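Here is the structure we will look at.
Everything quoted here is computed from the prediction, not taken from an experiment.
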Amino acid sequence: MYRSDTSLEVQKLYDEKIKALSSEEKFLRGISLTHFCREMCWAGIHERNPLMNLQESKVSFFETVYGACFSKQEKKKIAVFFMQHGKKS
């Protein structure tokens with residue numbers, strides 16, 4: 001995959017390294033990147049809103065990650081759920 005911020009030489013090396021990984025290694029890297037992105041999202045929410053409580057943080061996280069996939073009505077129902085059930089997590 002071509003990236004405009006990467007030289008062709010480095011991109012070729014990267015592609016070769018990725019192709020050499022086993023399916024399990026690729027899967028584990030994907031999981032690792034997913035966890036990293038999740039943590040970055042949470043960190044950004046907390047940095048921008050340090051006084052936000054856990055329930056509000058969950059609503060914000062949901063909006064950030066999944067907001068475009070749901071209608072306003074669905075998002076409102078989900079936010080209410082988080083506000084009512086968020087204390088346990």
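Using a 30° and 60° split on the angle between ring planes, W42 and H46 fall in the parallel class, below 30°.
C41 approaches T64 most closely through the heavy-atom pair SG-CG2, 3.6 Å. For the pair G67 and K75, the tightest heavy-atom approach, listed with the atom from each and the gap, is O-NZ, 3.3 Å. In this structure, I18 and R29 approach most closely via the heavy-atom pair CD1-NH1, 4.2 Å. Across K26 and L21, no two heavy atoms sit closer than the pair CE-O, 3.4 Å. I45 approaches S57 most closely through the heavy-atom pair CD1-O, 4.3 Å.
Of the inter-residue distances, the one linking F82 atom CZ with F61 atom CZ reads 9.0 Å to the nearest 0.5 angstrom. Atom CD of residue Q55 and atom CD of residue Q84 lie 10.5 Å apart, to the nearest 0.5 angstrom. Between the NZ atom in K17 and the CD atom in E25 there is a gap of 11.5 Å [rounded to 0.5 Å].
With hydrophobic clusters built from ILVMFWY side chains whose heavy atoms lie under 4.5 angstrom apart, M52 shares a cluster with I78.
Taking 4.5 Å as the limit, every side-chain heavy atom of E63 sits out of range of all side-chain heavy atoms of F70.
Under a cut-off of 6.0 angstrom, the local environment of CD in E16 is crowded, with over 12 non-hydrogen atoms contributed by other residues, nucleotides or ligands. In the displayed structure, K77 atom NZ is contacted under 6.0 Å by at most 12 heavy atoms of other residues, nucleotides or ligands.
No side-chain donor-acceptor contact under 3.5 Å links S60 to the backbone of E56. Not a single donor-acceptor pair under 3.5 Å links the side chain of S32 to the backbone N or O of L28.
The only member of E39, R38, M40 that meets side chain to side chain contact (heavy atoms under 4.5 Å, CB included) when paired with F36 is M40.
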